[in-house]
Amino acid sequence: MRYTTRQLSELLMAWYDHNRRAFPWRALQGETPDPYRVWLSEIMLQQTGTAAAAAYFNKFTARWPDVHALANADLDAVLTGWAGLGYYARARNLHACAKIVSTQMDGVFPRDCAALLKLPGVGPYTAAAIAAIAYDLPAPVLDGNIERVMARLHAVTAPLPGAKPVLRGLSLALIDCGRPGDAAQAMMDLGALICTPRAPDCPRCPWRSCCAAFEQNIAQSLPVKPRKAPGPTRLGAVFWLTRHDGAVLLRRRPERGLLGGMLEFPGTPWGTELPKTPEINDAAPYAPVACNWRELPGVVRHVFTHFKLELTVYAGEADAPEVADGFWAQPGRLGDLALPSLMQKVAAHAAASMKETIV
Ligand code: SF4
């Protein structure tokens with residue numbers, strides 16, 4: 001490459017100073033970043049897009065403006081605030097991490113990656129992002145945007161994930177070239193605004209005159225990704241049990257595992273086959289009570305990282321039965337509870353089906 005790292009960095013920084021994206025967690029030009037806000041945003045942005053994360057970020061920081069406030073919050077309130085963002089282990093780790101930083105570190109997040117990595121919910125990427133963005137330290141930040149931009153700038157044709165160490169080294173060279181936090185965020189912004197996955201806008205790119213992929217006309221084919229095998233589909237049944245006053249039965253999922261500690265409508269385990277109707281109509285091990293369960297038309301579909309899920313919803317009525325581990329809530333109050341997106345879909349499906357039945 002004809003350009004030195006310093007020249008690449010200067011081109012990137014000049015572009016960033018005029019084109020940086022504005023986010024509620026991002027310090028304005030000349031402002032000192034708040035590590036609490038950087039950490040909170042990075043946890044929210046794991047597996048969540050910036051638009052969705054921004055709404056939650058504003059809600060969280062209005063309610064818990066610093067790490068001490070978040071540490072002192074009830075876990076249930078944090079889980080409820082998180083409802084809809086998915087990957088609920090993040091919310092539990094968020095709360096645990098806030099407690100550690102508040103009580104053991106005087107509310108100050110560590111600066112170096114090794115110490116950050118010891119905090120719950122902080123992996124190598126998040127640690128590097130906090131060190132670089134909050135403390136302006138040269139740390140190896142590599143997210144999907146930076147991966148793509150580096151692969152193209154240097155025409156790295158080795159497939160992912162094997163190419164990651166090379167791409168991380170290339171990105172660190174730029175981050176370590178002055179203004180580390182800005183450099184990391186500039187590459188993220190370049191990847192999101194110009195060097196997009198399907199249609200890179202090379203004529204508007206600050207690196208168009210030095211980009212190896214552009215020169216070789218191979219930008220769109222990079223980075224090379226392994227072909228993804230389609231995830232399996234799991235099946236399950238879920239029970240929409242209502243009481244005479246319209247309240248619906250809920251329970252809490254086990255603390256560990258998928259959607260750990262979140263609320264749900266009682267249901268069967270998720271497997272390759274649905275239990276048969278006679279099994280459904282009995283109480284344990286599947287239904288919360290024995291009653292005449294009606295299968296609602298259609299299914300609720302949801303996609304997790306490693307599998308797809310199809311839930312069949314059964315509706316039933318019971319007059320205030322004693323149900324172990326369950327509690328009742330009015331459907332109109334479900335929005336105040338820590339219901340994951342999947343269960344929000346179940347509630348919407350049940351409500352729509354009931355309406356049709358009534359009509
Ligand atoms: Fe991406 Fe094109 Fe810029 Fe290269 S020139 S970094 S391919 S947008």
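Positions are given from 1, in the same order as the sequence printed here. Atoms within each ligand, like the ligands themselves, are counted from 1 in listed order.
- Residue Ala83 comes nearest to Tyr56 through the heavy atom pair O-OH, 2.9 Å, listed as atom of the first residue, atom of the second, then distance.
- Shown here are the protein N/O/S atoms lying under 2.8 Å from atom 2 (Fe) of ligand 1, water excluded: Cys202 SG.
- Atom CZ in Arg252 sits 4.5 Å away from atom CG in Asp76 (nearest 0.5 Å).
- Between Gln46 and Arg90, the side chains place no donor N or O within less than 3.5 Å of an acceptor N or O (distance only, hydrogens not considered).
- A salt bridge between Arg294 and Glu317 is present, with a side-chain N of the basic residue lying under 4.0 Å from a carboxylate O of the acidic one.
- Salt bridge present: Asp189 and Arg21 bring a charged side-chain N and a carboxylate O closer than 4.0 Å.
- Among residues at least two apart or in separate chains, ring-ring contact (aromatic ring centres under 6.0 Å, His included) pairs with a member in residues 103-142 are Trp39-Phe109.
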